[in-house]
Each structure stands twice: as structure tokens, then as C-alpha cells.
Amino acid sequence: MSCTFCTWPWFEGEGLSVRAENRTKSWTKLKSMVHWSPLAFTLKSRSSWVQLAGHAGNFQAKEGGRLLKRYCECEQQCLNKLMTDSLRPYVPGYYGVVQKDEQDYNLMDDLLVGFDSPSIMDCKMGSRTYLEEELMKAREHPRLRKDMYEKMVSVDPGAPTEEERAQQGVLKPRYMQWRETLSSTATLGFRIEGIKKADGTCNTNFKKTKQREQVMKALDDFVDGNVQILKLYLKRLEELHSVLEKSHFFKTHEVVGSSLLFVHDASGKASVWMIDFGKMVPLPSPMMLDHRTPWVEGNREDGYLWGMDNLIDILSSMLPQTPCDVDRNSEEA
Ligand SMILES: Nc1ncnc2c1ncn2[C@@H]1O[C@H](COP(=O)(O)OP(=O)(O)OP(=O)(O)O)[C@@H](O)[C@H]1O
Ligand SMILES: O=P(O)(O)O[C@@H]1[C@H](O)[C@H](O)[C@@H](OP(=O)(O)O)[C@H](OP(=O)(O)O)[C@H]1O
């Protein structure tokens, strides 16, 4: 069991300047690594932020309960719009672009602030994890990814085709689709990316967590069987679900690779937020999505709400049945 783990306190105002220049992301994702800053222990009271999933080196935790995330124009634009949308209570507060050591960052709230030794879970939402535009680009300029071939072989040596084996590389959409079908992304419309528990254990080994029962087991372990925490998560998800159903912003964006971040602690506090808007792309007007219709190329559907329906259904089924439920179920049978 291992995870990308960064605890990196920074100091408010240190060498930061506001800047609007666009940068593209060009760094590698390093999972299966544990990064502990030596400062993590001495400054724990000031920042207990941890990075559970995503690209290593993407974040810097700042003093004052905020985070710097490496600049991405798409994310900046979404976060800006979200600050005045009905979804505002469900996303981190956003404070613009800042520069540090010639690198631009989006400045946002650290959602772990206010929790004491939190348990955290990252669920990547949707039934598709790459944008349609990425698919088209990969067709126009096919680029073999040796790193993805190696990641594939390390999980399942039998997965690459003969051709891929000969090339020792795979195309990115092929790798992403393989990841989707291996995990619950294709079957349930979401997948668990990582779980870090209050006791310090961290697991990002959910690549093959595919079946409903496997997901339930992981969720039950995450909440340590605590029904009150489950209820709080469910309530918050149901609220978010209803806001998403009505949000014009959500209807008019293709949402890929975005996660729900679940956070709770021993005091009984629990909440969920949407994070990662690097691939939340506006649709050409008047196109709109229902986020449930199965994807066929061109329809831009992403399965986000289908995934949320399934997640809510799974969490509901994990709650103990009340006597009323038992009566109702036996009548139905
Ligand atoms: N606002 C936040 N508050 C607290 N933790 C956060 C916040 N945003 C991100 N994180 C942490 O960082 C991790 C990675 O976040 P995010 O998905 O935004 O990164 P990414 O590098 O864009 O990911 P991907 O590789 O999927 O594109 C999350 O799993 C979570 O642990
Ligand atoms: O989880 P894995 O198996 O490590 O695979 C990565 C994961 O699917 C990321 O979402 C993706 O980044 P994007 O979502 O930003 O495309 C990254 O692509 P990348 O290596 O091209 O960054 C993949 O390598």
C-alpha cells in the first residue's frame, strides 16, 4: 500500500505575486511514492494538508489554510465561474492566480482545514476519463506512451496487445479506456482513487476495484462502519446532486477527471466537495448534457450524474434498514 503524500507548509505572502499569464501543464504524475516534508512534523499544527491522488508536485500547501495548485487555464476559468454559481458551497474557495519562482498557481482553499486528523477519500467521477478533444488529438498525432505501457504491464502483464508489446508503448486513450474498464469507472461511473485514514494508513491501490461489493467494502472500511458519518456523506451528496441537476453551468460543461473529495474526522464532522476542474470544458452553445446518457463519440456525455446516482445508491444500501424499510421490503417481496 502506498500513496502520493505531500505535506508542504508554505508561508503566506512569501515571494508571491498575482499574474495572469497562461501556462500549460507538463509534469509527470508520480503515484506509489510517499513524500513527507521534514517540516511536516514540526509545523503540523499549522498545516496538515495531504495530497491523496493526482500529479505529484502539482500542489504547495500555504500558511493560512490555502493551497497553490499548478496553473491550468481551464481550471482557472471554471473556478472563477463557480465562485458565483449555485455550486459555490461545494467547491473550494478560489482566490485567483499567483506566481512563485516563475511558476503560476491557482490559489484555493485547503478543504482539510477545520478537520482534526481527517480521513480522506478521492473518488474520480464519470464514466469517461479523457476529453473528446484528447481523443481527436491522439488520432491526429498518435504518440506512444512507454510509461503507460509499463503501468499497464505492472498491473496486468497480459493486457497489452501483440502490437503494443512489439512497440513497448500504448496510446493514451487506450490506456485511459483500459483503466476505466479495469476499475468501476465503466461499470458504476466513478472509481475510488485513494483513501487515507485517520490512523495514517493510505491506499491508492484501487485500480481493480470494479464490482459494487468491492466498492462497498472499501467505503465501509473508509468510514470504519460509522453509520452517522455515512448519513452525513449521503445527505451532503444528495444536496449536491440536486444542485447539479439544476445548475446551468454543469449542464453546459463536459466534466472529465473531476473528483469528489470526502473528508471526515473523529469528532463526527464529515463533508464532500468537488475538486479538479482541469478538464471541465464549456460546450459549444446551445449544446447541453444530462451527464447520464451513455457516451458515443460526439455527444460529449461524461456519465457524471450516472456515477453519482450509483454512489448515492451504494451509500444508501450500506445504511442499516429501519423497521419501516424491512416491512416495506417484505411487502414488496
Ligand atoms: N482544495 C483542496 N483541498 C484539500 N485537498 C485537495 C484540494 N484539491 C486537491 N486536493 C488533494 O490533492 C489531490 C489531487 O487533487 P487534483 O485531483 O486536483 O490533482 P490533479 O493533479 O489535477 O489530479 P489528476 O491527476 O487526476 O489530474 C486530491 O486527491 C486531494 O487529496
Ligand atoms: O491513474 P494512472 O493509472 O496513474 O493514470 C493517470 C491518470 O489517469 C490521470 O488522470 C492522467 O492525467 P490527466 O487526467 O491529467 O490526463 C494521467 O495522464 P498523464 O500521464 O498524461 O498525465 C494518467 O497517467
Side-chain angles (χ1 to χ4, degrees), residues 3-8 24-33 35 47-62 65-72 74-75 78-79 82 90-95 105-115 118-126 128-131 133-135 137-138 143 145-156 159 170-180 182-183 185 191-196 202 204-208 255-263 271-280:
C3 67
T4 301
F5 230 126
C6 295
T7 306
W8 201 339
T24 49
K25 60 178 204 176
S26 57
W27 55 95
T28 38
K29 177 167 182 164
L30 294 177
K31 276 193 174 171
S32 312
M33 276 189 70
H35 297 289
S47 171
S48 59
W49 182 75
V50 294
Q51 180 180 348
L52 194 51
H55 291 82
N58 244 1
F59 288 88
Q60 311 267 2
K62 249 167 62 59
R66 290 183 183 172
L67 295 178
L68 297 174
K69 180 174 177 185
R70 207 180 280 232
Y71 181 78
C72 159
C74 179
E75 188 153 46
C78 284
L79 280 165
L82 284 165
Y90 303 93
V91 300
Y94 176 61
Y95 307 97
Y105 294 89
N106 283 316
L107 181 63
M108 64 184 80
D109 276 332
D110 173 356
L111 298 167
L112 306 189
V113 164
F115 289 88
S119 294
I120 314 160
M121 174 171 71
D122 180 312
C123 280
K124 191 171 273 199
M125 300 305 292
R128 180 162 54 88
T129 56
Y130 51 91
L131 290 165
E133 70 184 46
E134 290 182 281
L135 196 58
K137 275 188 203 151
R143 191 164 79 85
R145 294 278 302 258
K146 189 171 165 43
D147 59 328
M148 288 185 162
Y149 174 82
E150 282 162 3
K151 283 200 280 188
M152 194 180 223
V153 170
S154 73
V155 176
D156 178 2
V170 292
L171 297 173
K172 181 165 174 178
R174 149 83 170 132
Y175 175 79
M176 301 296 266
Q177 283 168 359
W178 169 77
R179 284 277 277 120
E180 289 166 9
L182 193 71
S183 66
T185 292
R191 71 173 178 236
I192 300 174
E193 285 280 286
I195 290 178
K196 185 243 157 194
C202 180
T204 55
N205 188 18
F206 293 102
K207 285 198 170 77
K208 292 182 178 173
V255 186
V256 160
S258 180
S259 288
L260 288 177
L261 191 69
F262 292 70
V263 190
S271 199
V272 185
W273 290 269
M274 295 172 79
I275 58 163
D276 199 354
F277 310 103
K279 291 187 181 175
M280 201 172 203

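For ligands, and for the atoms within them, numbers begin at 1 and follow the listed sequence.
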### Query
Pick one: which of E180, R191, Q177 meets side chain to side chain donor-acceptor pair (under 3.5 Å) with T185?
R191
### Message
If I apply the N/O under 3.5 Å rule, does I275 come out as touching ligand 1?
### Response
no
### Task
List in chain and number order the residues that pass side-chain contact (heavy atoms from CB on, under 4.5 Å) with V155, two or more places apart in sequence or in another chain; answer none if no residue qualifies.
W178, L182, K207, K208
#### Entry: Sub-4.0 Å atoms of ligand 1 with respect to non-hydrogen atoms of N58
20 (P), 21 (O), 22 (O)
### Message
Between ligand 2 and Y130, can you find any atom pair, the residue atom being a heavy atom, that is separated by under 4.0 Å?
### Response
no
### Heavy-atom nearest option to atom 20 (O) of ligand 2, drawn from E134, E193, R191, R145
R145
### Task
For V50, take its heavy atoms, then give the atoms of ligand 1 lying under 4.0 Å from any of them.
31 (O)
### Message
Please work out, at 4.0 Å between heavy atoms, whether the side chain, the backbone, both, or neither of L52 comes within that distance of ligand 1.
### Response
both
### Message
Please compare A53, A56, C123, G57 and report which has the shortest non-hydrogen distance to atom 14 (C) of ligand 1.
### Response
A53
### Message
Show the atoms of ligand 2 that are less than 4.0 angstrom away from any heavy atom in Y175.
### Response
2 (P), 3 (O), 5 (O)
### Query
Does any N/O atom on W49 come nearer than 3.5 Å to any N/O atom on ligand 1?
yes
### Query
Does the side chain of M152 come within less than 4.5 Å of R174's, by heavy atoms?
yes
### Student check: side-chain heavy atoms of H55 and R70 closer than 4.5 Å
no
### Message
On a heavy-atom basis, I'd like to know which of K69, K124, H55 is closest to atom 26 (O) of ligand 1.
### Response
K124
### Task
I would like to know whether V91 and M108 meet side-chain contact (heavy atoms from CB on, under 4.5 Å); could you show each step before the answer?
CA-CA 10 Å; V91 300; M108 64 184 80; over 6 Å; no
### Minimal non-hydrogen separation, L52 against T204, with atom names
O-CG2, 3.6 Å
### Query
What atoms in ligand 2 come closer than 4.0 Å to a heavy atom of K207?
3 (O)
### Task
Report, in ascending order of atom number, the atoms of ligand 1 lying under 4.0 Å from any heavy atom of D122.
28 (C), 29 (O)
### Message
Evaluate S259 for polar contact with ligand 1, using N/O atom pairs at a separation under 3.5 Å.
### Response
no
### Message
Heavy-atom contact check, 4.0 Å cutoff: does R70 meet ligand 1?
### Response
no
### Message
Taking ring-ring contact (aromatic ring centres under 6.0 Å, His included) as the definition, give me every residue that meets it alongside F277, ordered by chain and number, with sequence neighbours left out.
### Response
none
### Message
Minimum heavy-atom separation for G65 and V113, please, with both atom names.
### Response
CA-CG2, 3.5 Å
### Message
Would I120 count as a contact residue for ligand 1, given that I'm defining contact as a non-hydrogen atom of the residue lying under 4.0 Å from a ligand atom?
### Response
no
#### Entry: Atoms in ligand 1 flagged as close to P92, the criterion being non-hydrogen separation under 4.0 Å
1 (N)
### Query
Hey, which atoms in ligand 1 end up nearer than 4.0 Å to a heavy atom of Q51?
12 (O), 13 (C), 31 (O)
#### Entry: Pair D122, S259: side-chain N/O donor-acceptor within cut-off below 3.5 Å
yes
### Backbone N/O of L107 and side chain of R66: donor-acceptor pair under 3.5 Å
no
### Message
Within the structure provided, determine whether E75 and D276 are in side-chain contact (heavy-atom separation under 4.5 Å).
### Response
yes
### Task
Ignoring angles and geometry beyond distance, decide whether H55 reaches within less than 3.5 Å of ligand 2 through its nitrogen or oxygen atoms.
yes
### Numbered atoms of ligand 2 (with element) below 4.0 Å of K172, judged on heavy atoms
13 (P), 16 (O), 18 (O), 19 (P), 21 (O)
### Message
Does the plane of the ring in W273 sit parallel, tilted or perpendicular to the ring in F115? Use 30° and 60° as the thresholds.
### Response
perpendicular
### Summary
d(Y105 OH, N58 CG) to nearest 0.5 Å is 9.0 Å
### Message
I need the atoms of ligand 1 closer than 4.0 Å to a non-hydrogen atom of M108, numbered in the order shown.
### Response
1 (N)
### Task
Working to the nearest 0.5 Å, report the span between CE of M280 and CE of M274.
4.0 Å
### Query
Do L131 and K137 have side chains that get closer than 4.5 Å, going by heavy atoms?
no
### Query
Is there at least one pair of N or O atoms, one from E75 and one from ligand 1, spaced under 3.5 Å apart?
no
### Closest candidate by heavy atom, reference atom 8 (N) of ligand 1, pool W273, F59, Y94
F59
### Task
Look at ligand 1 and say whether E193 reaches it with a heavy atom at a distance under 4.0 Å.
no
### Task
Closest by any non-hydrogen atom to atom 2 (P) of ligand 2: pick that one out of R143, K124, K151, K279.
K151
### Query
Counting each atom of ligand 1 from 1 as listed, which ones have a heavy atom of D109 under 4.0 Å away?
1 (N), 2 (C), 3 (N)
## Note on the structure
One finds that the ligand 1 atoms under 4.0 Å from a non-hydrogen atom of D110 are 3 (N), 4 (C)
### Message
side-chain contact (heavy atoms from CB on, under 4.5 Å) for T129 and R179? Distances and angles first, verdict last.
### Response
CA-CA 9 Å; T129 56; R179 284 277 277 120; 5.8 Å; no
#### Entry: Numbered atoms of ligand 2 (with element) below 4.0 Å of R179, judged on heavy atoms
1 (O), 2 (P), 3 (O)
